[in-house]
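Here the structure is a predicted model, which is why all the values come from computation and not from measurement. In the text below, chain A, chain B and the rest are named by the order of the sequence lines, each starting its count at 1.
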Protein chains: 2
Amino acid sequence: MPASPGQSSALDLRELKRVCSNCSLSELCVPMGLNRAEVERLDSVVEVSRSMHVGDHLFRRGDPMRSIYAVRSGMYKSYLINEEGEEQVIGFHLPGELVGLDAIYPDAHQCSVVALDTASACVLPFAQLSELAGDIPGLQRQIMRLLSKEISSLVPRAADSTAEQRMAAFLMDLARRLGERGYSATDLRLAMPRKDIANYLCLATETVSRVLKKFQTQGWIEVDRRDIRLLDPDALGQLAKDDQSD
Amino acid sequence: MPASPGQSSALDLRELKRVCSNCSLSELCVPMGLNRAEVERLDSVVEVSRSMHVGDHLFRRGDPMRSIYAVRSGMYKSYLINEEGEEQVIGFHLPGELVGLDAIYPDAHQCSVVALDTASACVLPFAQLSELAGDIPGLQRQIMRLLSKEISSLVPRAADSTAEQRMAAFLMDLARRLGERGYSATDLRLAMPRKDIANYLCLATETVSRVLKKFQTQGWIEVDRRDIRLLDPDALGQLAKDDQSD
DNA sequence: CGCTATTTTGAGCCGCGTCAATACGGGTGG
DNA sequence: CCACCCGTATTGACGCGGCTCAAAATAGCG
């Protein structure tokens with residue numbers, strides 16, 4: 001078993017207190033828009049979780065809602081198990097993104113979140129966070145902004161009708177989010193198996209395969225197992241919007 | 001035609017300042033969990049919009065985000081217009097529900113909201129509301145709760161696969177929300193045309209017709225134009241969950 | 001009482017899910 | 001280094017649900 005790069009025992013107190021101040025993601029994350037003193041107050045309530053591996057859970061559905069989480073590295077998947085025991089994939093989460101926001105209302109997590117590869121996340125104890133938000137208007141505003149952004153991002157899910165549209169929209173969405181976070185917006189490494197993509201898009205895995213194949217044949221993408229290079233993002237973007245292509 | 005309960009010309013100042021205190025929906029709405037003094041402070045920033053009619057807009061996509069809105073009576077529809085000029089229905093909003101929550105992040109409304117029948121809504125100027133939230137922890141918590149609830153409610157959209165499942169889930173969702181708000185949970189008056197239902201569920205209007213017909217044939221519902229009576233909610237609930245029926 | 005929007009009903013077709021078989025790749029042990 | 005195994009991914013054949021196109025029935029409205 002490989003050594004985990006961020007295991008909590010290896011963190012000294014000083015490191016622990018510099019979580020947000022030194023994090024390259026702070027511009028995208030909770031601290032955005034706060035001044036130095038405010039970020040340091042935020043630091044004092046944030047912890048970095050130890051490095052997690054494939055299949056490790058950040059939390060599970062039904063867990064009491066103590067914290068929200070900010071992804072630091074790797075990729076997470078959120079999902080539900082329905083009455084028949086089938087998994088339903090809700091979304092994928094990249095560094096800088098928050099998870100657990102849907103748990104504030106009923107005070108319990110509504111979905112489970114699991115690492116798709118080696119990954120880590122910050123832990124933001126919600127009680128302390130919201131107390132701090134009462135003191136710091138900028139923090140309150142940012143939390144509401146992030147909640148609101150989450151709502152906006154969830155809305156367009158149902159829109160695209162055909163398998164090709166959904167796949168194109170999925171790739172473009174992922175590319176955009178990776179690009180916003182400083183990663184390549186054309187060379188994607190999908191951490192999840194086809195089954196998860198299919199489940200997320202409400203398609204069969206076979207359909208995902210076929211559509212990716214077709215995109216490759218069209219010269220729009222280059223597929224090598226879980227590595228996907230976008231050769232013609234415009235074509236994909238066009239497809240995601242309207243259905244006028246073949 | 002019944003007198004409109006909330007036309008602004010008929011409201012005197014005292015009435016205007018009693019919006020939340022006297023509102024029967026306050027238990028479901030923003031003031032929930034606040035004490036009397038706090039509700040009165042909230043009162044001071046809330047206005048009741050005048051009565052609106054079919055086709056009147058609460059706001060349109062792109063409008064600067066000045067307020068969020070709480071439905072007082074009637075039903076509203078939120079929608080987007082995509083690049084081809086086609087409408088895409090996002091959701092329907094009942095009394096006690098908030099709309100405009102997705103506009104906090106980019107500071108502009110992301111969708112348009114229009115009255116489906118005679119309807120009215122409260123206007124909550126967001127700047128004043130969030131300032132108040134900094135003072136009143138209970139208010140901050142409630143706003144976050146409502147934002148979080150909105151996220152949770154958006155998640156299951158993509159789940160149901162077949163037309164019958166989606167239709168059943170739609171009816172049950174509407175019935176539940178109406179029931180929570182003191183209306184009948186079995187006698188539904190759909191304010192929207194079939195086209196909107198179809199659009200919302202990503203179905204053809206013909207399919208909506210056929211599915212309603214089938215539900216009626218099964219003895220599960222009774223359809224009289226836009227009035228729908230649920231005769232066997234359990235059957236519908238079962239159908240919405242799994243696909244084991246015919 | 002005619003006009004128009006909405007809803008319903010019917011016929012035919014196509015996309016995508018299902019089932020089944022094959023190919024690939026990465027890990028393990030000899 | 002190769003043989004083997006198993007999970008993931010691909011490819012093909014076929015059937016069905018729901019969309020499209022077309023037309024009739026019904027309701028609301030001037």
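- With sequence neighbours left out, B:Thr205 forms a side chain to side chain contact (heavy atoms under 4.5 Å, CB included) with B:Lys195, B:Ala198.
- Tested against A:Arg189, the residues A:Asp117, A:Asp224, A:Asp227 include a single salt bridge (charged side-chain N to carboxylate O under 4.0 Å, His left out) partner, A:Asp227.
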- Message: Under the criterion side-chain hydrogen bond (donor to acceptor under 3.5 Å, both in side chains), I'd like the reasoning laid out for B:Ser120 against B:Ser73: C-alpha separation, chi angles, the key distance, then a yes or no.
- Response: CA-CA 5 Å; B:Ser120 63; B:Ser73 62; 2.8 Å; yes
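- In terms of phosphate contacts, A:Arg194 brings a side-chain nitrogen or oxygen within less than 4.0 Å of OP1 or OP2 of D:dT10.
- Atom P of nucleotide D:dA9 and atom CG of A:Asp196 are separated by 9 Å, given to the nearest angstrom.
- Within the 4.0 Å cut-off from OP1 or OP2 of C:dT8, not a single side-chain nitrogen or oxygen of B:Lys213 is found.
- Counting to the nearest Å, the P atom of C:dC16 and the CG atom of A:Leu201 are 12 Å from each other.
- If you take CD1 of A:Ile197 and P of D:dT8, they are 13 Å apart, rounded to a whole angstrom.
- Distance CD (A:Glu164) to P (C:dG15): 9 Å, rounded to an integer number of Å.
- As rounded to whole Å, 17 Å separates atom C1' of D:dT8 from atom CG of A:Asp117.
- Whole-Å rounding puts the B:Leu116 CG to C:dA5 P distance at 19 Å.
- The side chain of B:Arg225 contributes an N or O atom lying less than 4.0 Å from OP1 or OP2 of D:dG28.
- By the 30° and 60° cut-offs, the orientation of the rings of A:His57 relative to A:Tyr79 is perpendicular.
- Annotation: the span from B:Tyr200 atom OH to B:Gln88 atom CD amounts to 11.0 Å, rounded to 0.5 Å.
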Check nucleotides 17-19 of chain C against the protein and report each pair of N or O atoms closer than 3.5 Å, with its distance, or say if there are none.
from: C:dG17; atom 1: OP1; to: A:Cys202; atom 2: O; distance (Å): 3.4
from: C:dG17; atom 1: OP2; to: A:Ala204; atom 2: N; distance (Å): 3.1
from: C:dG17; atom 1: OP2; to: A:Thr207; atom 2: OG1; distance (Å): 2.4
from: C:dT18; atom 1: O4; to: A:Arg210; atom 2: NH2; distance (Å): 3.2
from: C:dC19; atom 1: N4; to: A:Glu206; atom 2: OE2; distance (Å): 2.9

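- If you take CG of B:Asp227 and P of D:dT26, they are 18 Å apart, rounded to a whole angstrom.
- When the nearest nucleotides of DNA chain C are assigned to A:Val211 and A:Asp224 by heavy-atom distance, the more 5′-ward of the two goes with A:Val211.
- A close approach under 4.0 Å does occur between a side-chain nitrogen or oxygen of A:Arg226 and OP1 or OP2 of D:dA9.
- A donor-acceptor pair under 3.5 Å links the side-chain atoms of B:Asp232 to the main chain of B:Ala235, judged by distance alone.
- The pair A:Arg60-A:Asp63 fails the salt-bridge criterion, with no side-chain N (NZ, NE, NH1 or NH2) lying under 4.0 Å from an Asp/Glu carboxylate O.
- Between A:Gln216 atom CD and D:dA9 atom C1' the separation is 13 Å, expressed in whole Å.
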